[in-house]
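As a basis for the values below, the full set of heavy atoms in this structure was taken, side chains included, without hydrogen atoms, waters or symmetry mates.
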Amino acid sequence: MSDPCILCVAITGSVPTKAANPAVPISVTEQIESTHAAYEAGASICHAHVRNADQTPSSDPEKFARLKEGVERHCPGMIIQFSTGGRSGAGAERGGMLPLRPDMASLSVGSNNFPTRVYENPPDLVAWLAREMQTYAVTPEIEAFDLSHILHAIRMHNAGLLQGRLYVQFVMGVKNAMPADREVFDFYVETVKSRAPGAAWCAAGIGPAQIEVNEWAIAAGGHTRAGLEDNVRLDRDTLAPSNAALIARAAALCEKYERPVATCAQAREILHLRPVGG
């Protein structure tokens with residue numbers, strides 16, 4: 001297998017704190033530095049949340065703007081993907097950074113249970129976020145926590161409601177949502193291939209499932225995500241020293257399965273994104 005594999009680094013998220021792992025980057029400066037190290041380790045997408053000084057989640061467009069500027073300066077060509085997730089705000093707050101025109105943004109098209117709450121994505125909000133992404137030429141990465149999310153994303157794309165190439169990420173291992181189950185993973189892959197043959201797909205595993213799902217995705221010809229948002233450990237006894245270490249571990253799996261790690265230019269081509277400077 002020789003198809004390049006896109007590695008996405010999920011740098012911060014909304015949940016992990018420095019109490020869980022001191023390497024979690026909180027300030028914009030820390031995030032830029034951590035992203036640059038992951039970029040040098042092979043990451044071609046930066047999946048970004050922003051935080052307040054007290055480590056609580058934020059949806060402040062000014063913070064997103066500073067992060068975008070820093071990543072563009074220090075990581076030339078890297079794909080910038082902002083989160084529109086529900087832990088950082090409510091309603092239109094969740095899309096307040098889209099006018100900054102990042103290359104991509106996450107989009108959850110349905111609701112599901114999280115460990116201690118319902119992750120609400122009502123249809124009217126999903127439709128509004130999708131329209132905003134079309135307005136600003138932002139390609140969504142569909143974050144699928146359930147089979148219904150995959151099927152709904154395919155329907156939306158077929159109806160012309162999603163910007164750009166359909167890109168679906170299977171998120172596995174969230175407590176109370178879809179566990180990291182190999183049989184389910186294989187079914188997800190076949191569902192996308194059969195029902196949306198023009199789509200690309202990736203997969204993310206949460207907590208100890210990260211390395212397992214990384215390997216499944218790389219071996220199956222898809223793309224994958226790693227980083228401190230999803231997992232703060234290398235193993236049960238060892239904290240991950242950085243986002244770069246988790247990306248390097250995924251890059252080693254690419255070598256194992258004889259897949260080159262995608263460059264930023266290759267990732268942009270695969271996902272049908274505008275080239276750098278385009």
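- When atom types are taken as modelled, the side chain of Tyr39 and the backbone of Pro76 share a donor-acceptor pair closer than 3.5 angstrom.
- A salt bridge links Arg225 with Glu229: at least one charged nitrogen is closer than 4.0 Å to a carboxylate oxygen.
- Linking ILVMFWY side-chain heavy atoms closer than 4.5 Å, directly or via other members, places Ile11 and Leu100 in a single hydrophobic cluster.
- Checked against the 6.0 Å centroid threshold, Phe145 and Phe114 count as a close aromatic pair.
- Counting only heavy atoms from C-beta outward, the side chains of Glu143 and Glu141 approach each other to under 4.5 Å.
- Between the side chain of Asn52 and the backbone N or O of Gln55 there is no donor-acceptor pair closer than 3.5 Å.
- Residues Ile80 and Ile6 fall into different hydrophobic clusters, defined by Ile, Leu, Val, Met, Phe, Trp and Tyr side chains chained together at heavy-atom separations under 4.5 Å.
- For the atom pair CE of Met97 and CZ of Arg101, the computed distance is 15.0 Å after rounding to the nearest 0.5 Å.
- Inter-residue side-chain proximity for Leu125 and Pro123 is flagged as unmet; no heavy-atom pair is nearer than 4.5 Å.
- Between Arg233 and Thr238, the closest side-chain pair of non-hydrogen atoms is not below 4.5 Å.
- Arg94 and Asn121 share a side-chain donor-acceptor pair at under 3.5 Å.
- Cluster annotation: Val171 is not connected to Val15 through the hydrophobic network of ILVMFWY side chains, with a link wherever side-chain heavy atoms come within less than 4.5 Å.
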*Hey, mind stepping through Arg155 and Leu151 against side-chain contact (heavy atoms from CB on, under 4.5 Å) and telling me if it holds?*
CA-CA 6 Å; Arg155 286 194 295 269; Leu151 299 177; 4.0 Å; yes
*Run the numbers on Met104 and Leu271 for side-chain contact (heavy atoms from CB on, under 4.5 Å), then give the verdict.*
CA-CA 10 Å; Met104 303 184 76; Leu271 298 178; 3.9 Å; yes
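- A donor-acceptor pair under 3.5 Å links the side-chain atoms of Asn21 to the main chain of Val232, judged by distance alone.
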*For Ser108 and Tyr119, what are the C-alpha separation, side-chain angles and deciding distance, and is it a side-chain hydrogen bond (donor to acceptor under 3.5 Å, both in side chains)?*
CA-CA 9 Å; Ser108 296; Tyr119 182 27; 3.2 Å; yes
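- When all heavy atoms of Ala244 and Ala41 are compared, the closest pair comes out as O-CB, 3.8 Å.
- Between Arg268 and Ile79, some side-chain heavy-atom pair lies under the 4.5 Å cut-off.
- Both Leu98 and Leu161 belong to a common hydrophobic cluster when Ile, Leu, Val, Met, Phe, Trp and Tyr are linked at side-chain heavy-atom distances under 4.5 angstrom.
- Of the charged side-chain nitrogens involved, at least one lies within less than 4.0 Å of a carboxylate oxygen, so that Lys18 and Glu30 count as a salt-bridged pair.
- To the nearest 0.5 Å, the span separating CE on Met78 from CD on Glu72 amounts to 12.0 Å.
- Without hydrogens or angle criteria, Arg259 side chain to Asp3 main chain gives a donor-acceptor distance under 3.5 Å.
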*asked:* salt bridge (charged side-chain N to carboxylate O under 4.0 Å, His left out), that's the test. Do Glu215 and Arg182 meet it? Break it down for me.
replied: CA-CA 11 Å; Glu215 184 157 14; Arg182 181 57 191 264; over 6 Å; no
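- Going from atom OG1 of Thr12 over to atom NE2 of His47 covers 9.5 Å, rounded to the nearest 0.5 Å.
- Inspection of the His49 and Ser14 side chains reveals an N or O donor paired with an N or O acceptor under 3.5 Å.
- Thr224 places no side-chain N or O within 3.5 Å of a backbone atom of Ile218 that could act as its donor or acceptor partner.
- In the hydrophobic cluster analysis, where Ile, Leu, Val, Met, Phe, Trp and Tyr join through side-chain heavy atoms closer than 4.5 angstrom, Ile270 is grouped apart from Val9.
- Counting only N and O atoms by type, the side chains of Ser58 and Asp60 include no donor and acceptor under 3.5 Å apart.
- Using cut-offs of 30° and 60° on the angle between ring planes, the pair Phe64 and Phe82 is tilted.
- Asn243 contributes a side-chain N or O that, together with a main-chain N or O of Leu228, makes up a donor-acceptor pair within less than 3.5 Å.
- Residues Gln81 and Asp103 are not in side-chain contact: their nearest non-hydrogen atoms beyond the backbone lie 4.5 Å or more apart.
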*asked:* side-chain contact (heavy atoms from CB on, under 4.5 Å), that's the test. Do Val189 and Phe170 meet it? Break it down for me.
replied: CA-CA 9 Å; Val189 173; Phe170 317 139; 3.8 Å; yes
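- A salt bridge does not link Glu269 with Arg165: every distance from a Lys NZ or Arg NE/NH1/NH2 to an Asp or Glu carboxylate oxygen is 4.0 Å or more.
- Note that CG of Leu107 and CD1 of Ile142 are 4.5 Å apart. Values are rounded to the nearest 0.5 Å.
- Proximity of Thr35 to Cys75: side-chain heavy atoms (C-beta onward) are separated by under 4.5 Å at one or more points.
- The heavy-atom pair separating Asn214 from Ala226 by the smallest distance is OD1-CB, 4.0 Å.
- In this structure a side-chain-to-backbone donor-acceptor pair under 3.5 Å is missing from Arg131 to Val126.
- Atom NE2 of residue His157 and atom CG of residue Leu166 lie 5.0 Å apart, to the nearest 0.5 angstrom.
- Not one N or O on the side chain of Arg51 forms a donor-acceptor pair closer than 3.5 Å with the backbone of Pro57.
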*Asn112 and Met178: side-chain contact (heavy atoms from CB on, under 4.5 Å), yes or no, with the steps?*
CA-CA 9 Å; Asn112 60 279; Met178 184 57 66; over 6 Å; no
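- Between the side chain of Thr84 and the backbone N or O of Ser106, at least one donor-acceptor pair lies under 3.5 Å.
- The backbone N or O of Leu234 lies less than 3.5 Å from a partner atom in the side chain of Arg249, making a donor-acceptor pair.
- Looking at heavy atoms from C-beta onward, Val174 lies in side-chain contact with Pro115 at the 4.5 angstrom threshold.
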All N/O donor-acceptor pairs, side-chain side in residues 194-206, below 3.5 Å, sequence neighbours left out:
unit_1 : atom_1 : unit_2 : atom_2 : d
Ser194 : OG     : Glu190 : O      : 2.9
Ser194 : OG     : Thr191 : O      : 3.3

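- Residue-environment remark: CD (Glu255) stays at or below the threshold of 12 foreign heavy atoms within 6.0 Å.
- Taking 4.5 Å as the limit, every side-chain heavy atom of Val109 sits out of range of all side-chain heavy atoms of Pro140.
- Note: Asn176 CG to Arg117 CZ = 12.5 Å, rounded to the nearest 0.5 Å.
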